[in-house]
Structures are given as structure tokens and as C-alpha cells.
Amino acid sequence: MSSTYRNFRNSVPWLILLLEAVFIILFYFLFSHDHVFINSYPAFQDVSHMVIFGFGFFLMFLKRYGFSSTGINLLIIVLGVQCSVLIDLLILLLQRQNEHNLERLIKATMSMTAVVISTGAVLGKTNPVQLILMTVLELIVFRMSRWINNTFLQVADNISMMHVHLFGAYFGLAISSRFSEPSPRSEKNASTPKSDLLSMLGTVFLWVFWPSFNSVLFERDRWRAICNTYFGLAVSAVTAFALSVLTTKDGKFRMAYIHSAVLAGGVAVGYAAHSIEYPWIAMILGLLASVIAILGSYCSQRCLNPPLKLHDTSGVHFTFGMPAVLGALAQVVLLIIKNWTDLSSVGYLVMFQVGAFCLTISIALVTGFIAGLILNLRLFKTIPVSKYFDDQFYWEFPHLAVGF
Amino acid sequence: MSSTYRNFRNSVPWLILLLEAVFIILFYFLFSHDHVFINSYPAFQDVSHMVIFGFGFFLMFLKRYGFSSTGINLLIIVLGVQCSVLIDLLILLLQRQNEHNLERLIKATMSMTAVVISTGAVLGKTNPVQLILMTVLELIVFRMSRWINNTFLQVADNISMMHVHLFGAYFGLAISSRFSEPSPRSEKNASTPKSDLLSMLGTVFLWVFWPSFNSVLFERDRWRAICNTYFGLAVSAVTAFALSVLTTKDGKFRMAYIHSAVLAGGVAVGYAAHSIEYPWIAMILGLLASVIAILGSYCSQRCLNPPLKLHDTSGVHFTFGMPAVLGALAQVVLLIIKNWTDLSSVGYLVMFQVGAFCLTISIALVTGFIAGLILNLRLFKTIPVSKYFDDQFYWEFPHLAVGF
Amino acid sequence: MSSTYRNFRNSVPWLILLLEAVFIILFYFLFSHDHVFINSYPAFQDVSHMVIFGFGFFLMFLKRYGFSSTGINLLIIVLGVQCSVLIDLLILLLQRQNEHNLERLIKATMSMTAVVISTGAVLGKTNPVQLILMTVLELIVFRMSRWINNTFLQVADNISMMHVHLFGAYFGLAISSRFSEPSPRSEKNASTPKSDLLSMLGTVFLWVFWPSFNSVLFERDRWRAICNTYFGLAVSAVTAFALSVLTTKDGKFRMAYIHSAVLAGGVAVGYAAHSIEYPWIAMILGLLASVIAILGSYCSQRCLNPPLKLHDTSGVHFTFGMPAVLGALAQVVLLIIKNWTDLSSVGYLVMFQVGAFCLTISIALVTGFIAGLILNLRLFKTIPVSKYFDDQFYWEFPHLAVGF
């Protein structure tokens, strides 16, 4: 099977180049420069830095998969951003909409977060062609889901964008259910202290830039979004350390728990960051998100994943999925509390919010499942389980990686 | 004794969670959002990046202490920033003061520099509970010291904040004097080329962001502060390389000297960055700071520390302490030169400046000594000397760290 | 010979300190603060971060040369920026020019890119004194070349600055031709997976900040320059992955190709970034640049370098040199297309552009050759071939670097 993939490999670059040629041709017809005030450029750069650098290194915890984590992450992001901008421009043809290119680029980069999160769920189990196909499919479906939210459920675009973590996590999980599980005795599916440190580097980057991510699309309540996200993240980091001690045998810290729980607060606060009126609410959300992330990953390794035959390499279900569910619920509760005097309008609002949430998660699961089936077609030469989590399958090594 | 700590460990997370619960309750009563222009947000982010990422990796030079350096650094910073904001808000109840939340957050993050520097002095010798307690104590005392400077000595708040390095270094040294020295033959108290490289990563980050740190609190003379700091840092980096060759046996560069001396210039220029009129003055300050940092650490290993039985893990005395003393003296001299025509007013000014300096250093030393005594109470289960500088005491390792 | 250098080493720090003393004295006479709006400070910081951190880690791919790559890079940048600011101020005495200090600092840091690229060509083959001398010489010659472009060929200063990659690459190659080649069996002239990962860290940083680099000097068309550079870089990254598979034996990715080709697009787009009207043009430029970078480095290892006896450690010829040539040609072609209705004025414009290009490359080659001869004077104690690419020759190691 490995030799099948080797023959296949020679067609990979032509596929990539073909895709890029199509993109350039579409850019020729659709994209032209505009004049904008570039006040948001630093915010765009923060988001770009998060996605390319932060996630690239965040996913670098596998001991023999560092090159792919950061390299292929870069490849799918640069392809995905172009693809996402083009989808946006195609929709523009159908539907008049006045948006600046910078805003478009920011949204394209944010959408890529969904793809990168999905990548985390199948990390090391897919070949580059499958990942590129997944990127294109996921971006189209996520844009479609946002468009439905926008048009039929009257959810503002900057709020529907906050579904990005939810969508990415469940799309990734659904895909991952279609891939065979790695052998439980595989020693490649583990981290070393060194790879954990490099992953910590990415985590800290994500942590510092997360307030920018949650606030970049909100012009008016930007400072409030920043402040809520900061405190939510802070409490979730504190809780991560405390719970990590409580759930391990010797009462020691566990790096893997900390990596994921530290960010859970930012995900949960995302939905309501711009509207939470008191930071203590954001702080409690951060605390709950961290609890869910750690207890979740503690339980799922024992009870949830084995019967479902799910293998979620970077634990995206509990780092991004569940905290996003919590965030969406919290947003609804906060909405009810805020408008409880006017029950009729609350009814409408809540219905739309819950509808948007259910719709997004359903689309993610169904299309993810279908995408998983497509990716497993013989055409795409699924890699054999024995070659999972291995850089040497894709990368030329300068020499045998003894000290690696 | 190790087993004592193990039993104790189970109460650690409850202590952390209790603290966090208190913080959330206080936030409930004290903190509410405001509307601000967020022009200073990039500057806040620079400072936040410095403290969390820069110092986290700067302290990562010990070969078996990388997880704790960066991980526990993150823990104490997120706890400390909340604590520091709350102290500020409590003082606000007593004393009317009009400050924006963003300004409050920036000051809280800057105050954390003092704690991180103190951490550097006891790195690897304290357990997380002791560090958290130290954080809370130090923030209270430092705020008190700034308040006295403000109220009784009429030192502006943004200038009294610049005492942060001075306070951090001497508080840390005083605490460190209460901990037993590591065994001189301990091979864990050393760096590897790899840990030195990661520490260099943090150092370079700190270097690039230092001009933001020195200028963030000065609205009017901001550009001057940036420019002076940049040139001060540049000269101190050059001098660091030159002196590093002069003080080693074979005429080779020594990484440890360069790590510390490269930053000394930024510390020394800090006090007067906004007021130095010609950058050559900042450059000479940078040169002197670097000389002090390298000669100091060269001598202290030989003459100073052994009789005093002081063990200063990251050499904060000569990276942050002495350059800050130099900076404070330079500020006084510059003040005299500037106002020598009006001797009466100079007398007043100098008296206040010298008073502020003496007060800060005395408070740091006295309270640091007391804090050291408190931290050594049996209640806090001091870790045994044989377990110093060892990640495995606090962290679960994926497997035996052979290549680490 | 090694012992000769050892004796020589004792004079190295005095040379550095002497140079620094001269700089401080010149700053005393020439530099004073001004008041500026510091809107460009974030852009300056991006460029500074790129040069110090990005290039420092980008050059870290050699397995035993990490300390020197990042450390000596810092040393020559801090010296070089001061030197470059002073050259600017000296020219100011002759020629009235109204520039802010911040603009001066930004240009000084950008000019350092040329030096850092030249360093890449001789990485591991020069001692620090040779590098410092090279820095000073190159900055003087590059400023002279920009001044000629400015005065006699009427090329605007922000456009002549874009010759920085071209100049740096060919100056470095010309110098490198004067140094003996490393032994082909030298195992130090190679990378490990770990050093490749740290180099990837630098590459990703450079990638994210490159749009800032290309746009910082353009006030009016800044957003256009950012957008063109971003898409140019994106396509060049995609192409890099595709071609990397096509040119290796097993159809695997090769890290070294990706490091260089990913950035080629940014270099090629640099010249015309502010004036390209449609991003698809920038995208095609990025594609061509990536093709040139990879095919170039593929061929040069086989056909070009052996007969010329050229050894180009980091492949700057094909990462920065050839893409810059492509960019310059593209700029001329775009100029002709844009103004083809008015042929007489086009003639003038093209002549000036081509003249500026030929002049810059000739000056770079000739002065680089001369500089190479000077650096090889016995006075500067060229290091023996057996000590190439070795940190231990310059740096004290904490202990024998077993796991390095």
C-alpha cells in the first residue's frame, strides 16, 4: 500500500499546481484592489500570526510529526485563505455586499481556524492531498452555513463567525470517525518533553493573541471583547493548572491538559465577548470551560472514545468543541437574562440563536461524515495505520534522525 | 520529605481554586467595563507578550526545568495580573482616582515583571505554592511602596513604576537568602546548548519589545523614550559581546553573560528614558549597565555570593538589580545637571528621588526577608535540596526523558 | 593557524569597543531627538523583529552553528543599525534632507537586511571580526549606491531601498567566492531535524511580517503593497511545496527548499508591491519566484557552483538574488505596459529603472569582490576550513554537547 502511495505521490504536486492555477484565474476575474484605512492591519496580522505560527506550533506535540505539523499547516492555510477569499467573492456576485478586502482577508483567515481545528482531529492520519481536499470542502460548507445563518436566521455575520470553533471541532470529529484508529501500542502517537515545549511555545502565542481574535470583528465593543476574553483566558489558565493536578495520579501537572485547557476559556467567551457586561461572568465561563476541557479529556480517554471508535489526535473535542457548546449556551442564557422583561422578543431571539447553533452543529456533523467518506475513497490512497504520525513518510530527512 | 510534599500536593489545587474564587467574587463587586479608546492596546499586548512569552522562555536555561520555567511562569502571571488589578481597585475605594481599565491592566502586567524577576532569583528552589504566595505578597508590597512614593514623595506614578526591576531583584535576592543553597556538584543546575538556545529565543523577544515597555506609560515623550531605550539596548548588546570575550578564559563568547547583559541597558535606561535629551547619554548608560552586569556576575560567582551564602539562579542581581541602581543614580545626576541654575528646587527634587530610591530598596529587602521566612514555614513543605531544578518533581513526563 | 586566531581573539573585544566608542562620539555630534507622530512605530517594530528574530532563527539550520547564527546576527545588527544611522546623518551634513528619526531607524534596519543576507552566503566561514568589517563596508557601499540611484537616476528613495535583497545577495556571493570551499565530506555543513524546525520557526516569522517590510516605506499605497505581498507570498508558498515534491527523488517534501522558496515571492513582489494593480499579477510573480528559487537551487548544486567554486551556505543566490532580479525585470515590464501610449516618457523611465538595476548589481559584485579580498588579508586571521560551521570555535559550551 505504501508503494501505491509512492506512485500516487508523483501526481500530488500537479494537483496542487492545478488548484493554484484555478485560483489565479479566478482572482483575475474577481479580485481588484480597493482603498481602505488600514487601521485593522495590526489586528489582521495578529490573527494571521495565530493561525500560521500559533497553531503550527500548537500542533507540534507529536514526537515524530513536527515537520508536517508546521509545514503542512502552512500549506493548507495559504491555499485555504485564497480559496476562502474566492468563495466570498463568488457569493458577492449573487448578493450585493459592501466589504473591504482587508475585512475579507481577516474573515478568510478566521475561517481557516475551523480547518486547522479539524486538522487537529485527524493529525497524522491523513495525507496532504486528503487535507487539501478537506480544506476546500470545509471552507465551502462553513461559508454556506454562515450564509444560511445570515440570511434565514438573521444572525449578524461577525457573530456567526464565532461558530468557527464549534464547526471546526465537530467537522473534524465526524471526519476522524471514518479513519481507522491507530494501534494502541503505537509509540509514535506520543510526545517528548522537547515536542511538548515547542507545543507550549505555540500555546502561549495563541493565548497572548486570543483577545485580538475575539475582538477583531467588533468595531464598537472592541475593548469590552478584549477585556472579557483576557479575564476568561486568565481564569481558564488558572483552573487548568489546578485541575491538571487533581486528575493525575501523583498530583503532578500534565502538559497535555494544560495545552488544551488554557485556551478553552477563550473559545467559550468568544460568542458573547462583545456583549458580556461584567467580566466576572467571563471569568466564570472561563472556569467552566477549563473544567469541561480537562474532565472531558479525562473521561473521553476512558469511556467515550473506545465505544465510539473515535480517535481525536489533539483532543479538539474538549479543547474547542465542548467549550464552544458551553459558550453558545451561555450566550442564550445571557440573552434571556438581559431581555426577560420583554418576553415575546426574547422568544424570537432565543429561537434564532438556538436555531443557528443546532444548524451549525448539524451541518458540521453531516457534511463532515460525508467528507470523511469521500476522503476514504481508494482514489486518495489512505495511508496505512503503520505509517500514521510519521514525518519520514512525507519528508526527506537530512539523515537518520537519531537525536530527534 | 518528598513524600510529605506528595501528601501536601493534593491540597495545592484547592488552594489555587480558592484563591481564584475569591478573585471572582471581588471582581463581582469591584470591576465594571468602561469605554476607552484602545490606542494603547498594541502597547499592552507588547508588554503582555514580554512577560508571558519573553520571560517564560528567558528563564528556560536550566536543562531539566523547561516545563516549570514556562508553565509556572504562565500560572503566576495570570494569577498575579488579576490580583494586581484587584489591589488597584481596592485602593481606588479609599482614594478617588480616574484611570481606565486598560491602563490598569497595563500597570498590572508591568508590576508582574517584579514578580517574574524575583522568581528568577529562586528559580528551581521553590514549589508552586510558595511561588503563588510570593506573588501575592510581592504585589501587595510593591503597590504599597508605589503608593508611598506617590503620596509622600510626590513621584509620578509612571516614574515610580520604573522601580519595578529594582524592587523585583532585591525582593528576590532577600527571599533567596532564606533558601538553602543547591549542592555545588549538582549537575541539574546547568544549561545545555538546547536550553540556552530556547532561552536566547526569549531574550531576543525581550530585547525587541523592551522599548515598548519603557515607553508605554509616557504619553507625551513616548517617541523619545523608545529611541533612548533602543540605542541604550543596542550599545549594551555590543558591550555584552565584547566583555563576554574579555572575561572568559579562551576568549570565547559565553551565552549566559550575553543573555543577561544584553538586557541590562534597557533596565538602566528605564528610569530616565522619557527625559534623556540626547541619545548618546542613553548609549553610555547602556554601556555602563552592560559592564556592571558582566563584571558583576563575574565577580559575584567568585567573591560575593559564597560568603553571603546567596544563590541567585538566573543572576537577577546583575541583570536587573545593579543596572537599576545605576539607572536611578543616573536619573539623579541628570536632574542635577538639568536644573543646576536653580539650586533650591534641585535640592528638593533630588531629595525626593533619592528618598524614593532608598525607600523602594529598603522595603524590597526587608519585606523580601520576611517573605522568605514565611515561605520557609513547615506549612509550605520546602522542597529538599536534592529535588532542586527538576521538572520531574512537578510534571508528569510522557516517558523517561532520555534525549532531554 | 587556530592558535594564531586564539592570540588574535584577545584583540577582538577591543576592536568592538573602539568601534562603539567612535559611534557614541559621532552620535554626540550628530544625533538629537525630534518630535514625531509615532504611527509607524508598530511597522518599525515588525521590521526590527524580522531582522533580529526572524533572520536570526532562519539562519539556524546548521546543526552545530545555532549559537553563532542567532548571537552574532544580533551583534552585527545592533552595530549595523547604529552605523547606518550615522552614515545617514553624515550625508545629511552634505545634503539638506528632511527626515524623521523614526524613518531613519526604519531605513537603517531595512538596510541591515542586505547585510544579513550577505551573512547567509558566508555563514560559518567567517570570524566575527570579518563579519563586523563586512557590515560596515557593505552599509557604506549600499548607502552610496542608493545615493547614486537617487541623485543621478531619479529613483525615489523608498524604491531604491527595495534593491536591498539584490544588493545583499550579490555582495554576499562575491565575498563568498574569495573564501575557500568547505570540504565536501564535512558533516558539520548539514542540518538536523531539530535545527530545521528552529529554522522553520524563523521562516514562518519572516513570512508573517514580510507584508509589513514591503509596505512600511509607502504612505499612500500601503494597503495595496500589503495585499500584493500577501498573495505573492501565499502563491510562492504553495508552489514551494509542489516543486519540492517534483524535484526530490522519492517525491517527498524537502525542508531546505521550502525554507527558501516560501520567501522568494515576497522578495520578487517587493519592487512593484505598491504599484501592481491586480493581485493576480503579484500571484504570478510569486509563482515564478518560487520556481526560480527551487529549480535554481536544484541546478546550482549540480552545474553552477562546482565550476565557479562558489559555496553559498544558505543558498541566498536563489532565495534572494534571482527572485530580486525577476522582481526588477517585472517592474520594468509593468512600467512599459502601463505607459505604452506615451512611448517617449516610457523610454526614459525604463532606461532609469534598468540603469538603477545594472548599477546596483555591478556595485554589489565589484565591491563585494574587493571586500572579499580585504577580509582575506592575513591581518584578519581567516579561520581554517576544518573549523568551518562550528560553534565551539567561538562559544564556550556548558559541557560537551552530546545531544546537540
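Protein chains get the first letters and strands the later ones, always in sequence-line order, with residue 1 at the start of each. Fair warning: this is a prediction, and the values are worked out from it, not measured in the lab.
Most heavy-atom pairs under 4.5 Å with chain A: of the set C/Ala256, C/Ala43, C/Pro211, C/Ser212, this distinction falls to C/Ser212. Here C/Val245 is the residue among C/Val262, C/Val245, C/Leu233, C/Asp221 with the most heavy-atom pairs under 4.5 Å with chain A. Chain C forms the most heavy-atom pairs under 4.5 Å with one residue out of A/Phe44, A/Phe27, A/Phe57, and that residue is A/Phe27.
In this structure, A/Glu396 CD and C/Tyr257 OH are separated by 8.0 Å, a value rounded to the nearest 0.5 Å. Here CD1 of A/Ile16 is found 8.5 Å from CZ of C/Phe241. Values are rounded to the nearest 0.5 Å. Rounding to the nearest 0.5 Å gives a distance of 7.0 Å between CG of C/Leu287 and CG of A/Leu17. The structure places CG of C/Asp46 at 6.0 Å from OH of A/Tyr41, a figure rounded to the nearest 0.5 Å. Separation of atoms NZ (C/Lys194) and NZ (A/Lys194) is listed at 7.0 Å; rounding is to 0.5 Å. Between the OH atom of A/Tyr28 and the CE atom of C/Met283 there is a distance of 14.0 Å, given to the nearest 0.5 Å.
Within the 4.5 angstrom heavy-atom criterion, no atom of C/Ser244 approaches chain A. Using a 4.5 Å cut-off between heavy atoms, A/Leu201 touches chain C through its side chain atoms alone. Interface remark: C/Val204 contributes side-chain atoms only to the contact with chain A (heavy atom separation under 4.5 Å). With a threshold of 4.5 angstrom between heavy atoms, C/Phe209 approaches chain A through its backbone and through its side chain. Residue contact with chain C, scored on non-hydrogen atoms closer than 4.5 Å, involves the side chain of A/Leu198 exclusively. Heavy-atom distances place the side chain of A/Leu105, and not its backbone, under 4.5 Å from chain C. The contact between C/Ile276 and chain A is made entirely by backbone atoms, counting heavy-atom distances below 4.5 Å.
A/Phe53 pairs with exactly one of C/Trp207, C/Phe53, C/Phe205 by the ring-ring contact (aromatic ring centres under 6.0 Å, His included) rule, that one being C/Phe205. Of the candidates A/Ile24, A/Ile25, A/Leu26, A/Ile24 is the only one forming a side-chain contact (heavy atoms from CB on, under 4.5 Å) with C/Trp280.
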*asked:* Show, in sequence, the C-alpha distance, side-chain angles and deciding distance for C/Ile258 and A/Trp395, and conclude whether the side chain to side chain contact (heavy atoms under 4.5 Å, CB included) test is met.
replied: CA-CA 11 Å; C/Ile258 286 166; A/Trp395 295 84; 3.6 Å; yes
*Please step through ring-ring contact (aromatic ring centres under 6.0 Å, His included) for the pair A/Phe31 and C/Phe231, ending with a clear verdict.*
CA-CA 11 Å; A/Phe31 193 94; C/Phe231 285 111; 5.4 Å; yes
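Surrounding NE2 of A/His100 are at most 12 heavy atoms belonging to other residues, nucleotides or ligands under 6.0 Å away.
Here the closest non-hydrogen pair linking A/Leu75 and C/Val238 is CD1-CA, 4.1 Å. In terms of heavy-atom proximity, A/His49 sits nearest to C/Val208 at ND1-CG1, 3.7 Å. Closest heavy-atom contact between C/Ala242 and A/Pro13: O-CB, 3.2 Å. Taking both residues in full, the closest heavy atoms of C/Ala237 and A/Val78 are given as CB-CG2, 4.0 Å, listed atom of the first, atom of the second, then distance. Nearest approach of C/Met200 to A/Gly71, heavy atoms of both residues: CE-CA, 4.0 Å.
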